[in-house]
Structures are given as structure tokens and as C-alpha cells.
Amino acid sequence: MRQCRCCSLVLMLLGLGSLAQKLPTRDEGLFQMQIRDKSLFHDSSVIPDGAEISGYLFRDTPKRYYFVVEEDNTPLSVTVTPCDAPLEWRLTLQELPEESSGEGSGEPEPLDQQKQQVTIDEGTELFTYKGNDVESYVATSTPSGLYQLELLSTEKDSNFKAYTTTTPESDQPYPELPYDPRVDVTALGRTTVTLAWKPTPTGFLMGQPVQYCVVINKEHNFKSMCAAEAKISVDDAFMMAPKPGRDFSPFDFVHFGFVPSDNGFGKDRGLMSNKISRAYTAKPKTSDTQKLCIGNKNIFTVSDLKPDTQYYFDVFAVNSATNTSTAYVGTFARTKEEARQKTQELKDGKVLDVFIKRKGTKFLRFAPVSSHQRVTLFVHSCLDAVQVQVRRDGKLLLSQNVEGVRQFQLRGKPKAKYQIRLRGSRKGASTLKVLATTRPSSKQPFPSLPEDTRIKAFDKLRTCSSATVAWLGTQDRNKFCIYRKEVAENYGEEQRRREQNQCAGPETRRKSEKVLCKYFHSPNLQKAVTTEIITGLEAGKTYLLDVYVVGHSGHSVKYQSKLVKTRKYC
């Protein structure tokens, strides 16, 4: 279809059959009525020969495209690609208006006869289709005439692509698929899937620039590239939408009568500025549908997937010069499950040492052998806080963050089984001691602790050879042991924090570091304070002091370490 074809079509639509050699004098009133008649001129356009066009359809509103085949016995190919909704499309052949003879009167034909030639005559129907597949009409020989392509979307507003050519043998705009167009899954992991497919002959046989694009999503396979791109653009448009009010300036709020409240509104929305700011636009999330163009390789590993999740994979061969594409037969696969954690058994009344990697998880199981009314659970987090969840026969009983020593009372049930999930800290590895028991006992395996486990040093009581410290106790009679260790002058809080393992007991210390051990308690918590003078120190030196409280069964908990420095001159 050359430029003259478009000219012929335009002349035909405007003149509606008056292509005689002798043009008649225009009836101005009739002409104005013709151009206002939407049935003749509304929503029509021309499809160029050998180029793919993109269009948009409003729901339940048909759209018509036209092209002219000038000579008989011309090959023809028409391809329509639905993007994000099924389409109905129909191809019809309209007879070209016959030219008026030279002996004509020159009088214009009545308007109703002109309309009958082009609009009322629906022409010969050549092909119809309804669905969301990429479908083509191909004919080796077609008569000359005006062809009409009518498209309709009944589900929703939708995008589409259309391509027509009268030289289909030489054009070949869409990359050709191999004899086996399937995409195969060659390897499967928990977070990766490896895909392979046979290359398109278009690239290496015809020398055309071809690359492959892979589309991944969790819903379904796509039948065309534009269908996948339509889904991605919808997701991105939704994710990029700013939160309500984010793009208003303070002037806007005051102008419309809104007064900032004291609930942090101004701080959140940047009301200190008098400029419209987009710094608070909602951060876009990653779309569920991803497109990755990978060049001309036909093996690709998709990574960063979620375990035990089903994904759909599509591969498209794309002609880089024309941006036209052809879809392979897509596939789907479910990634492997996460490796199941080994579950450690808790024995009644026995302390279990647990190590958890950074952000890791450990599972413990406690199955009492006899009937019981309650379970006492002790958790001693030696470093940072850990999250503890306990389920009884699948039912959640508690979920808390634990730091230091905590005791929980759980209601028992005959033949019940308890699952304990421990989730480690984000800061680093975690070490815990865990004990579960059904035996009622007045003596706890872990010592009781005050809420404040700091050691207080009295600066005014420092000397060149001694330091005076104090710490809190409880109403239970416990054994306290205090240790000292000389450290370098540049020993800082960060190093002290790294060495603060509450589960490391006095048995890990040297005998030379021990100062003394003593028992202490007070029925009145307001008076449960003890002091101690540590002697035998050297002038101008820095010491690290530790206090351990030891329980009845020998388990100990360390208070927060304290750095003290003796006076240099006395």
C-alpha cells in the first residue's frame, strides 16, 4: 500500500464516489451536511502497508481501520495482537465506487445513495475472530478493493496492535519460532529457576537483529509481549501513586481551611517548607510482573525468587529493528521448599544451650511424658533480645521478645506437645539457655534478677588503689561473685558490649580476677542494695568489673559490666 492508496481512500471518503473526470460544482449545504454526518467520518483511519500500529479501544466502542488493495491477485496478511483483554475483530472487503462516465450529467448523487455505497453496504466478510490469541488472516490472492478492519473490546478498555502487509513473503516482521517453540525448565532451586529454549531461525538464518526477553509473574502465562507490558505498566502506575496529600504545600492546606494538628502531621508531610515537594512520594514496590531482556542467549537463570512459590515464565523473540515480537510457548514451575529446620528435643528439667545465627531461627520441641497441669519455661538470652513463640498442639500461646532471663507459666493439657520457635537478632548471633519443666518447685534453676542490672561506681569514693561499687538485689537469697580485670586505657564501650555475654559464668574467669563471693537479699526491695569496696588496685589504671549472680542449680547471670579508673595522684 503506497501513498497513492491513502490518497485514493481519502478522496473516496470525502467525495463518496465522485471520482469522475469532470468534477461537479459543490452544493455547499449538502457538503456541510456530509461533513457533520459522523456515520461517514467518525473514528476511521488508515493502516500503512508493512508497519505495526498500536491502538486503544474503549469498551463496547468499535474502532475501524481501512486500507486499499489496488490490484487483483495481491497477497495479503493481517495480524491483530490483543494486549490486555480479549478482542473481537472482523475483516471485510468493500467494493470500490465505480468511476462516473464522461457522459454523466455532472449532478451530484443523492446523499443516501452515496452512503449506501460505502457505509450501508457492509461488504464481504472475509474473517472474524474473538479471543485473546495473536491471530492472523493470510491469503495468497485477494481482489482489489477497500478493506475494513473493525475491532471491539467488550470486557474493558484495552490496547492492541495491528499489522497489514501486501508483501508477506519478503516482510516477515515477526521473528519466526523454531520447530519446537516450548520453554523448558532445566534446573529448579529454592530461589532460582533455569530456563532453556531453542533459538529462533530469524536471527542466525536471516541475519536480523533478534534478542530474547523473559517475563516472570505469579498469575498466568502471557500470549504476547504487549499483554505483559500492559500488566507491568498497570502495576507500576498503581505503585507510583503518591499517598493522599503528599504533594500539597502548606499554603494549600491553609488556603482550603485545614489547620495542622499536633499529631505529627506537619513533621510527616514537611509543612516547614513552602514549596511543593515530591520527596515523600510513596516508594515504588517491585511489580509482581518482571520483564528481563537478556540479549541473544537462549539459556537463562531467574534468581531472587521465593521458596515454595509457583511462577509463570514466558520468552519472547524480539526484532530489535522493528520492536515486533513473537511469543514462545510459556511454562510454569514451583520453586522448592525451604530446608526444614531440625527440631531439638527439650528434656524435662534439663537446661539446653542454643546457638542461633544472625536473623536465624531454631525450633525446640517439648513433649512431657506424663500428665501435667502446667509447664514452666525459662529462657535466658545471653546477648541481644530474641523473639520467642510457643505453640501447644499448633495453638499459639505466647509471642514475646526476651532479653536477659524470663520465666513463663503455660497451662498444661494431657498429652500436649509444645513447639518453641526462637528467632535471632538482626544485630548478630544469639546464644540462649532454655529450660522447660512440669515439676513444681520452689527453687528456680535460674537466679532471680532485679529490673536494673547495672553496676554503680561512686566517683567521689575512688582512690589510687580502690573503687566503691553498688548493685541491686532481690527478695530471694542469692550468691553474688565479683570479678575484676585490668584493661587498656582505650578500652571502650563498644568492645565491652561485644564481650557482654550474660551466659558466660564465673567458671570462665581466672582465679586471680576473683575479688569475693557473698550472699545477699532483702525482704524490702527498696533496701535491696549492696555495696563493696574493691581494693588492691594500681594507681591510674582502668579496670573492668563484673558481678555474677548464681542460682541454686549453679546457673549464673552476669550483670552489665562496668569500667572504672583509679585516681592517678592521691
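Small disclaimer: the values here were computed from a predicted structure and weren't measured.
Using a cutoff of 4.0 Å between basic side-chain nitrogens and carboxylate oxygens, Lys291 and Glu229 are scored as salt-bridged. Using a 4.0 Å cut-off between a side-chain N of Lys or Arg and a carboxylate O of Asp or Glu, Asp180 and Arg182 qualify as a salt bridge. With respect to the salt-bridge test (charged N to carboxylate O, under 4.0 angstrom), the residues Glu513 and Lys485 do not qualify. Using a 4.0 Å cut-off between charged side-chain N and carboxylate O, Asp308 and Arg334 make a salt bridge.
The shortest distance between side-chain heavy atoms of Arg392 and Gln419 does not fall below 4.5 Å. Taking the side chain as every heavy atom from C-beta outward, Ile356 and Leu432 approach each other to under 4.5 Å. Looking at Val354 and Thr431, their side chains never come closer than 4.5 Å, going by heavy atoms from C-beta outward. Contact annotation: the side chain of Lys342 never approaches that of Phe363 to less than 4.5 Å [non-hydrogen atoms, C-beta and beyond]. The closest side-chain heavy-atom distance from Gln475 to His521 is not below 4.5 Å. Lys527 has its side chain within reach of Ser522: a pair of non-hydrogen atoms, C-beta onward, lies under 4.5 Å apart.
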Show your reasoning for whether side chain to side chain donor-acceptor pair (under 3.5 Å) applies to Lys518 and Thr530. CA-CA 10 Å; Lys518 68 176 184 179; Thr530 184; 2.5 Å; yes

I'd like to know whether Asp393 forms a salt bridge (charged side-chain N to carboxylate O under 4.0 Å, His left out) with Lys395, so could you lay out the CA-CA distance, the side-chain angles of the two residues, the decisive distance to 0.1 Å, and finally the verdict. CA-CA 6 Å; Asp393 297 332; Lys395 181 181 178 181; over 6 Å; no

I'd like to know whether Thr437 forms a side chain to side chain donor-acceptor pair (under 3.5 Å) with Thr376, so could you lay out the CA-CA distance, the side-chain angles of the two residues, the decisive distance to 0.1 Å, and finally the verdict. CA-CA 5 Å; Thr437 180; Thr376 305; over 6 Å; no

Give the C-alpha distance, both sets of side-chain angles, the deciding distance and a yes or no for side chain to side chain contact (heavy atoms under 4.5 Å, CB included) between Leu545 and Val564. CA-CA 8 Å; Leu545 304 181; Val564 296; 3.8 Å; yes

May I have the step-by-step check of side chain to side chain contact (heavy atoms under 4.5 Å, CB included) for Leu563 and Val487, ending in yes or no? CA-CA 9 Å; Leu563 281 173; Val487 295; 3.9 Å; yes

Quick one, Arg423 with Gln389, criterion side chain to side chain donor-acceptor pair (under 3.5 Å). Give me CA distance, side-chain angles, the key distance, then yes/no. CA-CA 9 Å; Arg423 177 172 292 177; Gln389 276 191 359; over 6 Å; no

Would His555 and Val351 count as a side chain to side chain contact (heavy atoms under 4.5 Å, CB included) here? Give the steps. CA-CA 9 Å; His555 297 290; Val351 176; 3.1 Å; yes

Could you walk me through whether Arg365 and Gln344 pass the side chain to side chain contact (heavy atoms under 4.5 Å, CB included) check? CA-CA 6 Å; Arg365 180 175 177 270; Gln344 292 181 271; over 6 Å; no

Test ring-ring contact (aromatic ring centres under 6.0 Å, His included) on Trp197 and Tyr212 and set out the steps. CA-CA 10 Å; Trp197 57 93; Tyr212 299 101; 5.6 Å; yes

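The aromatic ring centres of His220 and Phe222 sit less than 6.0 Å apart. Aromatic ring centroids of Tyr483 and Tyr548 lie under 6.0 Å apart.
Partner Asp546 forms a salt bridge (charged side-chain N to carboxylate O under 4.0 Å, His left out) with one of Lys514, Arg509, Arg484, Lys562 and no other, that one being Arg509.
Judged purely by atom type and a 3.5 angstrom limit, Tyr328 uses its side chain to pair as donor or acceptor with the backbone of Lys198. With hydrogens and angles disregarded, a donor-acceptor distance shorter than 3.5 Å links the side chain of Arg567 to the backbone of Arg462. No donor-acceptor distance shorter than 3.5 angstrom exists from the side chain of Asp314 to the backbone of Val329, with no hydrogens or angles considered. Panel note: side chain Ser224, backbone Pro82; a donor-acceptor pair is recorded below 3.5 Å. Under the 3.5 Å distance criterion, the side-chain polar atoms of Asp84 are left unmatched by any main-chain donor or acceptor of Ser158. Without hydrogens or angle criteria, Asp452 side chain to Arg454 main chain gives a donor-acceptor distance under 3.5 Å. Between the side chain of Thr335 and the backbone N or O of Thr309, at least one donor-acceptor pair lies under 3.5 Å. Between the side chain of Lys565 and the backbone N or O of Glu489, no donor-acceptor pair lies under 3.5 Å. A donor-acceptor pair is defined here as one N or O able to donate and one able to accept, closer than 3.5 Å; such a pair exists between the side chain of Thr326 and the backbone of Pro175.
Pairing each heavy atom of Arg439 with each of Asp348, the nearest pair is NH2-O, 3.7 Å. When all heavy atoms of Gly349 and Leu435 are compared, the closest pair comes out as O-CD1, 3.6 Å. Nearest approach of Pro450 to Gly473, heavy atoms of both residues: CB-O, 3.8 Å. The two residues Lys541 and Glu486 make their nearest non-hydrogen contact at CD-OE2, 3.5 Å. The minimum heavy-atom distance between Phe313 and Asn221, with the atom names listed, is O-ND2, 3.2 Å. Here the shortest heavy-atom pairing between Thr566 and Cys464 reads CB-O, 3.7 Å.
At a cut-off of 3.5 Å, with distance as the only test, no side-chain donor of Ser303 or Thr192 sits close to an acceptor on the other residue. Defined by atom type and a distance below 3.5 Å, a donor-acceptor pair is present between the side-chain atoms of Gln387 and Arg421. Residues Gln400 and Arg406 bring a donor and an acceptor atom of their side chains to less than 3.5 Å of each other.
Using cut-offs of 30° and 60° for the angle between ring planes, the Tyr418 and Phe366 rings count as tilted.
In this structure, OH in Tyr312 is found 9.5 Å from CD in Glu219, a value given to the nearest 0.5 Å.
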